[in-house]
Structure formats: structure tokens, C-alpha cells
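Treat the numbers as computed from the prediction; the structure is a model and nothing was measured.
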4 protein chains.
Amino acid sequence: MRKKDESKNGAIYESTVQLVLEKGLAGVTMCDISKAAGIATGTLYIYFSNKEALMNKVFNICRKESASFYLNDYSPLDPFDVGFRKIFNNIVTYRLQHFEKFIFLEQCYHSPFITEDVRKDSLKYLNPIFDLLQKGKDDHIIKDLDDALLLGYIIGSVNEVIKKAHYGNKSLDHKKIAQLYQLCYDGILA
Amino acid sequence: MRKKDESKNGAIYESTVQLVLEKGLAGVTMCDISKAAGIATGTLYIYFSNKEALMNKVFNICRKESASFYLNDYSPLDPFDVGFRKIFNNIVTYRLQHFEKFIFLEQCYHSPFITEDVRKDSLKYLNPIFDLLQKGKDDHIIKDLDDALLLGYIIGSVNEVIKKAHYGNKSLDHKKIAQLYQLCYDGILA
Amino acid sequence: MRKKDESKNGAIYESTVQLVLEKGLAGVTMCDISKAAGIATGTLYIYFSNKEALMNKVFNICRKESASFYLNDYSPLDPFDVGFRKIFNNIVTYRLQHFEKFIFLEQCYHSPFITEDVRKDSLKYLNPIFDLLQKGKDDHIIKDLDDALLLGYIIGSVNEVIKKAHYGNKSLDHKKIAQLYQLCYDGILA
Amino acid sequence: MRKKDESKNGAIYESTVQLVLEKGLAGVTMCDISKAAGIATGTLYIYFSNKEALMNKVFNICRKESASFYLNDYSPLDPFDVGFRKIFNNIVTYRLQHFEKFIFLEQCYHSPFITEDVRKDSLKYLNPIFDLLQKGKDDHIIKDLDDALLLGYIIGSVNEVIKKAHYGNKSLDHKKIAQLYQLCYDGILA
DNA sequence: GATGAATGAGGGTTCATTCAT
DNA sequence: GATGAATGAACCCTCATTCAT
């Protein structure tokens with residue numbers, strides 16, 4: 001990957017993510033991406049050796065970005081309920097504001113493009129969240145359950161509700177989000 | 001005269017669902033399916049006019065089968081907590097026993113193969129579940145929230161936890177399932 | 001070719017000719033023909049060993065039928081001008097009344113379905129016409145030219161005018177036909 | 001950067017026209033054409049979006065080329081008989097020298113490849129010929145008949161005679177052509 | 001590095017023909 | 001004989017990737 005023009009990378013990322021939202025992972029062609037990014041098809045192969053590498057790279061960037069987004073305004077020193085609320089809201093907000101990236105990440109999880117290694121590796125970005133959950137468990141605020149179970153429970157419900165709303169053309173207002181928060185929070189409480 | 005071999009329909013369904021699990025909806029070819037079903041490619045087109053029709057048909061069958069499975073052993077006369085537990089367990093069990101169909105359904109929901117009409121139409125199979133939720137709300141057992149929100153919350157968390165477990169090669173034992181149940185149930189309680 | 005039901009032969013001929021008019025020789029499928037003839041596809045192969053054989057057979061029948069039609073009401077004893085007018089009108093009338101057969105014959109002439117042998121063989125049906133032309137030449141009524149040239153000249157102009165009229169949705173009235181006759185007749189006059 | 005190789009267009013045209021002569025319009029495959037043109041199948045689709053577009057393009061080129069050929073050495077100032085003779089000879093010569101294009105044009109006229117619009121549009125190339133016929137009519141040299149009838153009569157007879165000669169493996173010598181000219185000319189004379 | 005023309009394997013689909021009933 | 005399901009080669013077209021400029 002010889003990098004000449006860093007701005008092209010950005011254009012490629014954005015085009016890829018947007019096109020995957022519109023056409024699905026398998027429905028997007030390298031030609032589509034290059035056109036949307038304003039470059040030639042061949043140029044794509046200067047930046048990425050092939051489609052899989054491109055998708056993996058974009059996946060990783062989204063993964064990091066989203067994990068980082070989840071921690072906006074959050075401090076490990078926050079009390080559990082404050083921290084949990086912040087992170088929950090960040091998770092929701094990321095999906096609403098960057099729906100295309102959310103869907104891209106979703107599509108990647110069940111795709112041959114994303115290798116098992118990459119998938120596992122990406123878990124590490126969520127460590128601060130696992131730490132928060134641990135604190136909640138240590139303080140007997142929340143149920144003492146497996147991290148994967150707790151996070152899967154929360155992330156799964158948020159994902160589903162947001163997708164349902166989006167594809168049903170019903171926007172999620174603050175009230176609905178607060179209700180979803182309450183569902184999740186009441187669920188994990190010890 | 002040779003009659004249409006109805007057993008081929010079954011072979012096609014199973015092959016399709018299994019291959020979609022392995023390769024994704026868009027990654028499956030008609031050639032793959034016919035080979036797996038033990039028939040010639042052209043024969044596939046006797047049973048289904050094209051790939052989209054095939055996928056829609058399999059989708060509908062899975063949809064009905066799953067909805068029916070969810071109601072196993074359930075009676076509308078069951079008290080809310082009993083009925084909810086039965087249905088919850090059925091939802092989980094279906095996903096564990098028919099993981100390939102579960103994934104197939106998941107993939108269909110955000111795919112051009114499934115038309116909007118078919119998607120909406122399939123909601124009707126869930127009516128008994130909506131009725132149960134209504135009873136819970138009427139009896140002030142559970143939170144008085146939108147059906148889509150409640151079901152999205154439950155289904156979403158179940159889906160995510162089961163997929164995480166499957167792809168992480170960790171089987172979900174009865175204990176974990178009971179814990180997930182408790183998370184969901186505590187969440188919806190009024 | 002085991003013949004059981006002679007009426008099926010007729011149905012096949014008519015369907016074939018009509019379908020070729022609608023879809024062109026190469027655009028017609030054996031399935032189309034069998035459906036239009038009200039029989040099963042396999043049955044077609046009891047009557048004809050393959051598509052080429054079917055087309056050749058229909059071609060031959062049309063060829064004979066048309067040649068015979070050309071001689072309606074004609075007698076070799078007719079004076080040249082009378083005979084020529086009769087035959088000319090018959091040629092025109094056949095094309096107008098049996099446009100589908102006319103087009104079928106046209107399409108066959110430049111098709112791999114019709115072998116060279118069949119094409120040559122079919123010339124013999126036109127012998128009475130050649131005899132008439134010879135009489136005209138012997139009597140110094142018409143130009144002393146090659147038969148193929150004379151017949152090609154007449155048939156070609158008739159074919160073209162009738163096709164142009166048909167596809168341009170302009171019906172050929174008696175006046176136009178008389179004018180065409182005059183063109184041809186004046187042309188051949190010595 | 002590699003630029004589109006315009007010579008490929010020519011190779012494609014020639015291959016298409018030649019193959020249509022050999023196999024008929026519907027019998028020619030895109031694969032055939034690409035092989036004959038010395039390029040890959042996919043390359044064909046860089047130059048033409050699909051088979052229909054390719055055929056329409058080649059049709060238009062042949063149409064223009066032939067119409068232009070018909071006017072070789074012709075001047076609108078020529079007296080009628082001189083002009084008619086020139087154009088008649090050009091029409092014949094084009095068919096003899098470019099038999100494959102002549103047949104290609106013939107096949108196109110009754111084919112779904114050629115849209116009605118294209119067919120009608122192509123008539124305009126023949127305007128100088130219609131003008132000549134009008135002059136002949138105005139000067140009472142030829143019969144005062146419909147243009148379509150006059151042209152159909154001439155073109156039809158020429159087409160038929162040339163095809164008969166070609167497929168009967170008999171070359172048309174100058175004498176035969178002169179005879180055909182006399183047939184047509186005597187026919188149209190007032 | 002950048003371009004986009006060129007490639008050809010592979011996808012969905014059709015259809016002449018065969019074959020079990 | 002009649003049927004129509006079954007077959008698989010072949011068709012049109014797409015697209016990830018390469019390569020000449």
C-alpha cells in the first residue's frame with residue numbers, strides 16, 4: 001500500500017460504507033466504489049490489494065471509530081449508572097448518526113470478507129466497557145453475568161430496535177430511546 | 001408420465017438454507033444450490049422461476065415454520081409469565097436447533113431478494129405474541145410500551161447472544177439461557 | 001415418425017408458422033410450439049426427430065402449398081397475358097391471405113435449418129410457372145431472359161412491397177396491387 | 001493510460017456482419033463476435049452495452065454506409081435516366097461487393113434487435129433517391145406512383161435476384177445486371 | 001502514482017432434447 | 001403413444017483483477 005494521497009483513503013472509506021448501506025456488502029462492486037470515490041478502478045488497487053483487504057480495512061476503521069465514539073464524554077471514574085447511561089446513549093447515537101457505518105459493521109460480521117482473527121481482535125477496543133461492567137458487578141449493582149452475555153444483550157436489543165425503526169421509516173424519538181434504555185437497565189440490575 | 005417430485009422441494013429448501021449460512025445470501029449461486037440438492041441447474045428453474053422467487057419462497061416457509069415453532073406448547077390461556085417463558089424458550093430453541101434457518105431469516109430481512117410486501121405480510125404470523133404482550137400490559141405486569149419496541153428488545157438481544165455464542169464457538173448452556181431470560185424478563189417488568 | 005393422430009400434425013404446422021411470424025425462426029422454442037399446438041413437449045419429438053426436421057417439414061409443406069396456390073384457376077392453355085395475370089394475382093393473394101406462411105418461407109431461406117438440397121428440390125414445384133414464362137418468351141411477348149432472373153424480379157418486388165406494407169401498417173388496396181402488377185408486367189414485356 | 005482502441009470498433013463491425021451472414025442474426029453469439037474480433041467477451045461490453053445495442057449500432061453504420069454508397073458519382077443535377085442508372089448500379093454493386101452487409105441489413109429489418117424508431121429514422125438517408133423519383137414523376141418520365149411502391153419494387157427485385165444468384169453459386173455478370181436494369185427501368189417508365 | 005481498457009471466470013437463465021412414468 | 005420433469009450445454013452479461021500507457 002503506497003500512500004500518496006491520504007484524502008483518497010477517506011473518500012474510499014466513505015464511499016464504501018455508503019454503498020454497502022445502499023446495496024449490501026456483496027452488491028457493491030469495486031467499480032462502484034471507485035466511481036463514488038472519484039478515482040479510477042485501477043487506483044483502488046494501489047491503495048488496497050483486493051476487495052477483501054479493502055473491506056477489512058474499512059471494517060477496522062469503523063470498529064475503532066465506533067468503539068471510540070462509545071466512550072465520548074465517559075470517564076472510568078464515573079459512577080456506574082452515570083457511565084452506563086453515557087455509554088448506552090453513545091451506542092445509540094452512533095447508530096443513529098452513522099447509520100451507514102452501523103449497517104456496514106453489521107454486514108461484516110456475517111461475511112467471508114471478515115476473517116475470524118480480525119473479528120476477535122476487534123473485541124479489545126471494547127475493554128473500557130468491559131471494565132465498567134465489571135465495576136457494576138463488583139458493586140453488586142448489576143447481575144454478575146458473563147461480559148459477552150451482558151454486552152450482547154444490550155447491543156443486540158439496541159441494534160434491532162434501531163434497524164426496525166429505520167427500515168420501518170419510523171424515527172426514534174427521545175422518548176423511545178429512554179424507554180429502550182429503561183428496558184436494558186432494568187434488565188441488568190441485580 | 002413423471003410427476004413433479006415434491007421431495008425435491010425439501011432438498012432445495014435445505015440446501016438453500018444451509019448454503020446461505022455458509023456463504024451468505026448473495027454469495028450463494030443457483031449452481032451451488034442445485035448441486036447440493038442433487039439436481040441439475042435447469043431443474044431448479046422448474047421449481048422456482050428465478051433466484052429471487054426461490055429465496056422468497058424459502059423465506060416464507062422459514063418464516064411460517066419459525067412463527068409456528070415459537071408457539072409450541074403455548075396456549076393463549078396461559079398466564080402471562082408462563083406464556084412468556086414458553087415463547088421465549090421457543091424463540092431461543094428455534095435459533096439453536098435451526099441455526100441455519102435463523103441466519104437465513106436474518107439475512108433476508110435486509111436484502112433486495114425480499115420485497116417489502118412479503119416482509120410486512122410476514123408480521124401477521126406474530127400476532128399471538130403481540131396478543132400476549134398486550135395481556136401483560138393490560139394486567140400491568142409489564143411496561144406499557146410499543147409492541148415493536150418490546151419485541152425488538154427481546155428478539156434483538158436473543159439474536160445477538162446466540163450469534164455471538166455460535167461464532168465464538170461457545171455453546172449456550174441452560175444456565176446462560178436462563179440468565180438471558182432473566183435479563184429480558186426483568187427488563188420488561190413494569 | 002410414427003403417426004397416430006394426424007390432427008396433431010396440422011396443429012403443429014399452424015402453431016409453428018404462426019409463432020415464427022411473431023418471434024422469428026430462431027426465437028421460437030420447441031416448448032412454445034408444443035404449447036400452442038396443445039400437446040406436450042415430448043410429444044413433439046414423437047412426430048419430429050428434432051427442431052431442424054420439424055422446420056424442414058413445415059417448410060416443405062408451405063412450399064408445396066404455396067406453389068399449388070399460385071396455380072389456382074390457372075390453365076396451361078391460358079394465353080400468356082391471362083395466365084401471367086392469374087399467377088401474379090395468386091402470388092400476391094397467397095402472401096396477403098397467408099402472411100404468416102409467406103414470412104415463414106422467407107425466414108427459412110436464410111437459415112441453417114433449411115439445407116441446400118431442400119432448397120434446390122423445392123424449385124421443381126414452380127415448373128408450370130417456368131413453362132408459362134417460356135411460352136411468353138417463345139411468343140416474343142416478354143423478354144428472352146433467364147428464368148431465375150425473371151422470376152426473381154417478379155417475386156422479389158412482390159415480396160418487398162407486401163412486407164413494407166404489412167410492417168408499415170398500410171394495407172395494400174386493389175389499386176396498389178394493380179399498380180405493382182403494371183410495374184412488373186411492363187418490365188418483362190419484350 | 002490505455003485509450004479505447006478505435007480499431008476494435010472496426011474489427012467488431014466486420015466480425016458481426018460476417019458472422020450474421022454465416023449464422024443469422026439470432027444465431028450469432030457475443031462470444032462468437034468477440035473471438036472473431038480478437039478480443040475478450042467482456043471487452044465487447046466496453047464498446048457496446050449489450051447485444052441489442054451492438055446490433056443497432058452496426059445496423060446504423062451499414063445503413064448509412066449503404067445509403068451513401070448508393071449516391072456514389074450521382075449528382076442531383078443529373079438527368080433522370082442518368083441518375084437512375086447510376087443509383088441502380090450502385091445499389092447492385094453495394095450488394096455484390098458487400099454481400100455480408102446486405103444480408104445483415106436484410107436480417108435486421110425483421111428482427112426485434114432493431115427498434116421501430118431506428119428503422120423509421122433510417123429512411124431519411126434515402127431522401128436523395130426519393131427526390132430523384134419525384135423528378136422522374138414530375139417530368140412524366142416514370143409512372144406517378146407512391147415512393148414506397150416504386151422503391152420497394154426496385155429494391156425487392158434487386159435483392160431477390162442477387163440473393164438467388166449468390167446462394168445458387170451463380171455469379172451475376174454484367175449482362176445479367178444490365179438485363180435486370182432493363183426489367184426495372186421498363187417497369188417504371190410512364 | 002493514476003488511469004481505464006482489457007480480461008475471462010463465473011453467475012443467472014434458457015432451451016433442445018431425453019427419459020421415467 | 002403421451003406426458004412433462006429432468007438434464008446440461010450454452011447464452012448473455014458482470015465484475016474482480018491486471019496491464020499498457
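With hydrogens and angles disregarded, a donor-acceptor distance shorter than 3.5 Å links the side chain of D:Ser15 to the backbone of D:Ala11. Side-chain atoms of D:Ser68 do not come within 3.5 Å of backbone N or O of D:Lys64 as any donor-acceptor pair. A donor-acceptor distance shorter than 3.5 angstrom exists from the side chain of D:Ser66 to the backbone of D:Cys62, with no hydrogens or angles considered.
Nearest heavy-atom pair, B:Asp32 versus B:Gly27, reported as atom, atom and distance to 0.1 Å: OD2-O, 4.0 Å.
Remark on DNA chain F: of its neighbouring residues D:Asp32 and A:Val28, the 5'-side contact belongs to D:Asp32, judged by nearest-heavy-atom nucleotide.
Checked against side-chain hydrogen bond (donor to acceptor under 3.5 Å, both in side chains), D:Glu106 has the following partners two or more places apart in sequence or in another chain: D:Asn159, D:Lys163.
The distance between atom NZ of C:Lys23 and atom P of E:dA16, rounded to the nearest whole Å, is 11 Å. E:dG8 atom P lies 11 Å from atom NZ of D:Lys35, rounded to whole Å. Distance A:Met30 CE to E:dA9 P: 20 Å, rounded to the nearest Å.
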Could you spell out the base pairing of DNA chain F in dot-bracket, with Watson-Crick or G-U pairs whose two distances are under 3.5 Å, [ ] crossing and | to another strand? .||||||||||||||||||||

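Only D:Ile39, D:Ala40, D:Gly42, D:Thr43, D:Ile46, D:Tyr47, listed by number, bring a heavy atom of residues 38-56 of chain D to less than 4.0 angstrom from any atom of DNA chain E.
Under the 4.5 Å side-chain criterion, counting only non-hydrogen atoms from C-beta, D:Thr16 is not in contact with D:Val28. Annotation: side chain of A:Lys35 is not in contact with side chain of A:Thr29 (no heavy-atom distance under 4.5 Å).
The aromatic rings of B:Tyr109 and B:Phe59 lie perpendicular to each other, with more than 60° between the two planes, well past the 30° mark.
Phosphate contact (OP1/OP2 of E:dG1, side-chain N/O of A:Lys8, threshold under 4.0 Å): absent.
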